[in-house]
Amino acid sequence: MLMRTDPFREMDRIVQQLSGTSGTWSKPSVMPMDAYREGDDYVIAFDLPGVSPEAIDIDVERNMLKVKAERRPTDRPEGVQMDLSERPLGVFSRQVMLADTLDTERIQADYDAGVLTLRIPIAERAKPRKISIGSTGSTGSTGSAGGRKQISG
């Protein structure tokens, strides 16, 4: 259901983790995701721990889904000395090319426990449908014009 657009994205994520750089608006960090089909929906889940729902931006244009989020530093009391800071801050982004078989007009988004979950219905035109064969009612006709096909859906 997804079409990969950037084969080097995973390498960029690993380099950013090793270098300790935070994402910026011009070069955001990658957010991890899972994608799977569940019944008549295609589900994409993005990990965004510590990001407030107001800091998440979801856009879809044609079949390109874009998710962008920003994780800002938490307010600390004055005089606090940090001994260790490993939690990533900055801007996170992910672009996903969606297949034509998905209904991008009816995407649902939920955010719970740091996970953004998008449910995208499978388009009706992409679901299996039964094709029935009808007859014209002529007798003795064996040619190809003796019947017609009818699509029911």
S.K.: Using the test salt bridge (Lys or Arg N to Asp or Glu O under 4.0 Å), find all partners of Glu54 that sit at least two apart in sequence or belong to another chain.
M.R.: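 Result, salt bridge (Lys or Arg N to Asp or Glu O under 4.0 Å) vs Glu54: none returned.
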S.K.: So do the side chains of Leu65 and Thr104 get within less than 4.5 Å of each other, counting heavy atoms only?
M.R.: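 Side chain of Leu65 against side chain of Thr104, heavy atoms only: no contact under 4.5 Å found.
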S.K.: Do Tyr111 side-chain atoms and Val51 backbone N/O form a donor-acceptor pair below 3.5 Å?
M.R.: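 Yes; at least one donor-acceptor contact below 3.5 Å.
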S.K.: Under a single-linkage definition using a 4.5 Å side-chain heavy-atom cutoff for Ile, Leu, Val, Met, Phe, Trp and Tyr, are Val43 and Met33 assigned to the same hydrophobic cluster?
M.R.: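 Result: no, two separate clusters.
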S.K.: With the side chain counted from C-beta on, respond yes when Arg37 and Ile122 share a heavy-atom pair under 4.5 Å apart, and no when they do not.
M.R.: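 Yes, side chains in contact.
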S.K.: Which pairs pass side chain to side chain donor-acceptor pair (under 3.5 Å) with one or both residues in residues 73-82, sequence neighbours excluded?
M.R.: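 Side chain to side chain donor-acceptor pair (under 3.5 Å) check on residues 73-82 returns no pairs.
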S.K.: Does some side-chain heavy atom of Lys68 sit less than 4.5 Å from a side-chain heavy atom of Phe92?
M.R.: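 The answer is no, as the side chains (C-beta and beyond) never meet within the 4.5 Å cut-off.
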S.K.: Taking Val60 as the starting point, is it possible to reach Tyr42 by hopping between hydrophobic residues whose side chains are less than 4.5 Å apart?
M.R.: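 Per the 4.5 Å side-chain linkage, Tyr42 and Val60 are co-clustered.
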S.K.: Calculate, to the nearest 0.5 Å, the distance between atoms NZ and OG belonging to Lys66 and Ser93 respectively.
M.R.: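 Lys66 NZ to Ser93 OG: 8.5 Å, rounded to 0.5 Å.
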S.K.: Quick check for you: to the nearest 0.5 Å, what is the distance between Gln108 atom CD and Ile120 atom CD1?
M.R.: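 These two atoms lie 10.5 Å from each other.
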S.K.: Do Ile44 and Leu98 have side chains that get closer than 4.5 Å, going by heavy atoms?
M.R.: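 The answer is yes; the side chains approach within 4.5 Å.
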S.K.: Check the hydrophobic clustering (I, L, V, M, F, W, Y; side-chain heavy atoms under 4.5 Å; chains of links allowed) and say if Val115 and Leu118 are grouped together.
M.R.: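 No, no single cluster joins them.
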S.K.: If we only count heavy atoms from C-beta on, is the Leu116 to Ile58 side-chain gap below 4.5 Å?
M.R.: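 Yes, close enough: below the 4.5 Å cut-off.
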S.K.: Sort and list the pairs that fulfil salt bridge (charged side-chain N to carboxylate O under 4.0 Å, His left out) and have at least one residue in residues 103-122, not counting sequence neighbours.
M.R.: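 As it turns out, the salt bridge (charged side-chain N to carboxylate O under 4.0 Å, His left out) pairs with a partner in residues 103-122, which skip direct neighbours, are Glu38-Arg119, Asp41-Arg119, Asp103-Arg106.
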S.K.: If every non-hydrogen atom of Pro49 is compared with every non-hydrogen atom of Asp47, which pair is closest and at what distance?
M.R.: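 Scanning both residues completely, I find the closest heavy atoms to be CD-C, 3.5 Å.
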S.K.: Does any part of the side chain of Arg71, heavy atoms only, come nearer than 4.5 Å to the side chain of Leu48, both counted from C-beta?
M.R.: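 Result no, sub-4.5 Å side-chain heavy-atom pair not found.
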